[in-house]
Trainee: 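The following block contains the structure, expressed as structure tokens.
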Number of protein chains: 2
Amino acid sequence: MNIRSYTFEEYVDRVKSFHGFAAPGVVIGGFMVELAYQHLPEGGLFNAVCETAKCLPDAIQLLTSCTVGNGRLTVVNLGRYAMAFYDKSKGEGIRVFLNPTKLETWPEIKSWFFKMKPKKEQDYPILMKQLKEAGTSICSVEQVKIARHFLEKKRRGEIAICPCCKEAYPLADGAICLGCQDEAPYMMTKITNHSRATHKSTSLKYRNSKK
Amino acid sequence: MNIRSYTFEEYVDRVKSFHGFAAPGVVIGGFMVELAYQHLPEGGLFNAVCETAKCLPDAIQLLTSCTVGNGRLTVVNLGRYAMAFYDKSKGEGIRVFLNPTKLETWPEIKSWFFKMKPKKEQDYPILMKQLKEAGTSICSVEQVKIARHFLEKKRRGEIAICPCCKEAYPLADGAICLGCQDEAPYMMTKITNHSRATHKSTSLKYRNSKK
């Protein structure tokens with residue numbers, strides 16, 4: 001069974017090159033994309049929702065024109081092994097999910113998916129063999145209608161300079177940017193060779209300091 | 001100025017192929033990755049944080065081994081045009097941001113970045129010319145230390161079957177999955193050719209229905 005325009009082996013090679021290794025999740029993701037496209041009108045332009053950040057977004061980015069950066073792939077982390085493709089004007093689409101009831105005949109896939117064995121006890125060659133044989137058969141398909149609020153284009157609105165970090169940010173986020181509202185994942189930043197407008201020294205600058 | 005191992009033109013071709021078109025943001029993102037790597041120890045393995053979902057994640061995915069699906073690129077939407085690469089064991093890294101104070105000599109870049117003109121009035125060839133000439137010079141670099149909570153590996157824990165949708169989900173999310181906790185972006189789903197264990201018909205099924 002092919003995965004879009006690729007043979008199984010060609011797809012696995014692409015996964016290795018993009019994802020870093022032939023992760024079982026990205027392989028399954030390839031079959032999920034294939035199954036979705038079998039149910040979508042030919043030649044249409046679709047956007048994607050991915051219900052997990054694990055592996056599946058890379059299958060979508062490898063096989064379709066939807067990427068995180070072009071805004072046509074949105075990861076909504078629901079913890080489910082599922083993805084949906086939809087027509088953004090009507091919101092009508094196809095959702096594909098890995099169906100647990102279909103894993104009974106594929107013990108190595110089931111064991112991997114439900115984390116029933118430690119990683120080192122998994123038999124990777126058998127897992128890959130089962131994935132190739134199972135193809136799209138372990139997945140199910142549903143028609144979906146995307147909620148209106150999700151389809152609405154989010155406009156950034158006016159861009160301002162944050163009085164705290166001096167970087168550009170969407171004014172709609174508040175008087176200071178979200179990074180300076182304690183949402184940045186940094187403990188501290190230290191200016192190096194390129195100074196900010198108001199920070200000419202190389203001294204440590206603690207973000208969100210109220211001093 | 002090269003962008004990692006590519007000439008400007010080669011990189012622009014890669015952007016077109018992955019992102020769909022040569023978006024100015026992905027082009028700038030390429031220079032941001034280049035600048036970050038000029039300040040990172042050679043040969044190290046780094047994870048990435050991207051502070052916007054617009055364009056920049058695609059530059060990171062094109063030029064580094066960090067992707068959304070392999071978990072080495074995290075988008076933390078702070079609305080800032082910035083990215084950071086860090087060593088995940090120590091949390092030490094380099095943050096690069098587009099510095100608004102450096103845009104004064106590049107009117108077309110400034111006008112695009114601050115959305116000062118409607119899209120159709122933008123001069124795309126001049127914008128691309130200025131981006132190529134400006135290279136990394138419109139960006140600034142900082143050392144960052146990633147917050148500990150961000151570095152901790154999030155384990156999914158036990159996987160269960162959601163009693164509502166019958167799909168697998170992380171039990172830590174609650175008694176039912178997040179999708180059935182009203183977080184799914186769908187108005188409705190309709191079972192098609194592949195039935196769920198408990199839904200053999202093709203009748204409409206409204207998610208989260210409390211009936």
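Computed from a predicted structure; not experimentally measured. Naming: A, B, ... by sequence-line order, numbering from 1 per chain.
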Trainee: Would you confirm whether B:Arg95, through its side chain, and B:Ala82, through its main-chain N or O, come within 3.5 Å as a donor-acceptor pair?
Mentor: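 A pair under 3.5 Å: no.
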Trainee: Quick check on the structure: residues of residues 48-59 of chain A within a heavy-atom distance below 4.5 Å of chain B, by number.
Mentor: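 Counting heavy atoms that sit under 4.5 Å from chain B, the residues of residues 48-59 of chain A involved are A:Val49, A:Glu51, A:Ala53, A:Lys54, A:Cys55, A:Pro57, A:Asp58.
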Trainee: Regarding A:Glu10 and A:Lys16, does a basic nitrogen lie under 4.0 Å from an acidic carboxylate oxygen?
Mentor: no
Trainee: Which residues pass the side chain to side chain donor-acceptor pair (under 3.5 Å) test with A:Tyr6, not counting sequence neighbours?
Mentor: A:Arg14
Trainee: Considering only heavy atoms, which portion of A:Ala23 lies under 4.5 Å from any heavy atom of chain B: side chain, backbone, both, or neither?
Mentor: neither
Trainee: Got a donor-acceptor contact below 3.5 angstrom from the B:Lys115 side chain to the A:Glu158 backbone?
Mentor: no
Trainee: With sequence neighbours left out, write down each residue that passes side chain to side chain donor-acceptor pair (under 3.5 Å) with A:Lys110, or none if nothing qualifies.
Mentor: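 Testing A:Lys110 for side chain to side chain donor-acceptor pair (under 3.5 Å), a comparison that skips the adjacent residues, returns A:Glu104.
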Trainee: Need one label for A:Phe18: side chain, backbone, both or neither, based on atoms under 4.5 Å from any heavy atom in chain B.
Mentor: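 Contact with chain B involves both backbone and side-chain atoms of A:Phe18.
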Trainee: Please flag which part of B:Phe113 lies under 4.5 Å from any non-hydrogen atom of chain A: side chain, backbone, both or neither.
Mentor: both
Trainee: Check this for me, if you would: do B:Lys88 and B:Glu152 make a salt bridge, where the nitrogen-to-carboxylate-oxygen distance has to be below 4.0 angstrom?
Mentor: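 Salt bridge between B:Lys88 and B:Glu152, a charged N being under 4.0 Å from a carboxylate O: no.
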Trainee: Which bit of A:Val26 is near chain B, if near means a heavy-atom gap under 4.5 Å: side chain, backbone, both or neither?
Mentor: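 Neither part, no heavy atoms under 4.5 Å.
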Trainee: If you count heavy-atom pairs within less than 4.5 Å of chain B, which of A:Ile159, A:Thr67, A:Leu62 leads?
Mentor: A:Thr67
Trainee: Tell me every residue that passes side chain to side chain donor-acceptor pair (under 3.5 Å) with A:Glu92, counting only those two or more places apart in sequence or in another chain.
Mentor: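 By the side chain to side chain donor-acceptor pair (under 3.5 Å) rule, A:Glu92 matches no residue at all.
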Trainee: Do the numbers put A:Arg4 on top of the ring of A:Tyr11, so that NZ or CZ is under 6.0 Å from the six-membered ring centre and no more than 45° off the axis?
Mentor: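 Output no; distance or angle outside limits.
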Trainee: B:Val76 versus chain A, heavy atoms under 4.5 Å apart: side chain, backbone, both or neither?
Mentor: side chain
Trainee: Run the salt-bridge test on B:Arg80 and A:Glu183 with the 4.0 Å N-O cut-off and return the result as yes or no.
Mentor: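 Here B:Arg80 does not pair with A:Glu183 in a salt bridge, since their nearest N and O are not under 4.0 Å apart.
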